[in-house]
Amino acid sequence: YKLLLFAFVLVLTTSSCQTKQHAINQLESLSNDLRDNSEFYKISDWKKAAYQFQKIRKDISKHDYTPAQRKQIGELEGKCAGYFAAGVKNNITNGIMSIGNEVRGVIEGILKSLSDSGISF
């Protein structure tokens, strides 16, 4: 009986750690995708990226992280925010004002959600 209970607790603990790390991995993947591909993004791509970012942030908020993991998360979120901001600049520079304004709104929403989570830039 004790062995079964121990195995159950071990599975729960391992599963929780994998879920926590999975959220960080998703954020890192999004950051890398933005870095590598965002210069080619259309407005629909920016919307998908913003939705994915918010979904990842929601998942991250459900877990407790070590200070080192929090630092990594903050760095990745900062990179994402930078790529979003660069996307606004590039869209405006390229003369696509309506898209630039929509992307700017997306970024402002993301930055507000980060600020609400206690992360500032």
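Every heavy atom of this structure was used, including side-chain atoms; hydrogens, water molecules and symmetry mates were not. All residue numbers refer to positions in the sequence shown, counting from 1. Every value quoted in this text rests on a predicted model; they were computed, and no experiment measured them.
- Using modelled atom types and a 3.5 Å distance limit, the side chains of Tyr41 and Asp33 yield a donor-acceptor pair.
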Evaluate the criterion side-chain contact (heavy atoms from CB on, under 4.5 Å) for residue pair Phe84 and Ser38; output intermediate values, then yes/no. CA-CA 8 Å; Phe84 280 113; Ser38 63; over 6 Å; no
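- Closest non-hydrogen pair, Leu76 versus Ile24, comes out as CD1-O, 4.0 Å.
- For Tyr65 (side chain) and Gln72 (main-chain N/O), no donor-acceptor pair under 3.5 Å exists by modelled atom type.
- Residue-environment remark: CG (Asp36) exceeds the threshold of 12 foreign heavy atoms within 6.0 Å.
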Assess the residue pair Lys71 and Glu75 against the criterion (salt bridge (charged side-chain N to carboxylate O under 4.0 Å, His left out)); give the C-alpha distance rounded to whole Å, side-chain angles, the decisive distance to 0.1 Å, and a yes or no. CA-CA 6 Å; Lys71 182 178 183 224; Glu75 289 173 0; 3.6 Å; yes
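- Using modelled atom types and a 3.5 Å distance limit, the side chains of Asn25 and Gln21 yield a donor-acceptor pair.
- In this structure a side-chain-to-backbone donor-acceptor pair under 3.5 Å is present from Asp45 to Lys42.
- In this structure, Gln26 and Asp59 have side chains that are in contact, with non-hydrogen atoms separated by less than 4.5 Å.
- By the side-chain contact (heavy atoms from CB on, under 4.5 Å) test, Glu39 pairs with no residue at all, sequence neighbours left out.
- A heavy-atom distance below 4.5 Å is not found between the side chains of Lys79 and Leu34.
- By the side-chain contact (heavy atoms from CB on, under 4.5 Å) test, Thr66 pairs with Ala68, Gln69, sequence neighbours left out.
- Going from atom CD of Glu77 over to atom CD1 of Ile60 covers 5.5 Å, rounded to the nearest 0.5 Å.
- With sequence neighbours left out, the salt bridge (charged side-chain N to carboxylate O under 4.0 Å, His left out) criterion links Lys55 to no other residue.
- Scanning all heavy atoms of the two residues, the minimum distance from Ile56 to Ala23 falls at CG2-O, 3.7 Å.
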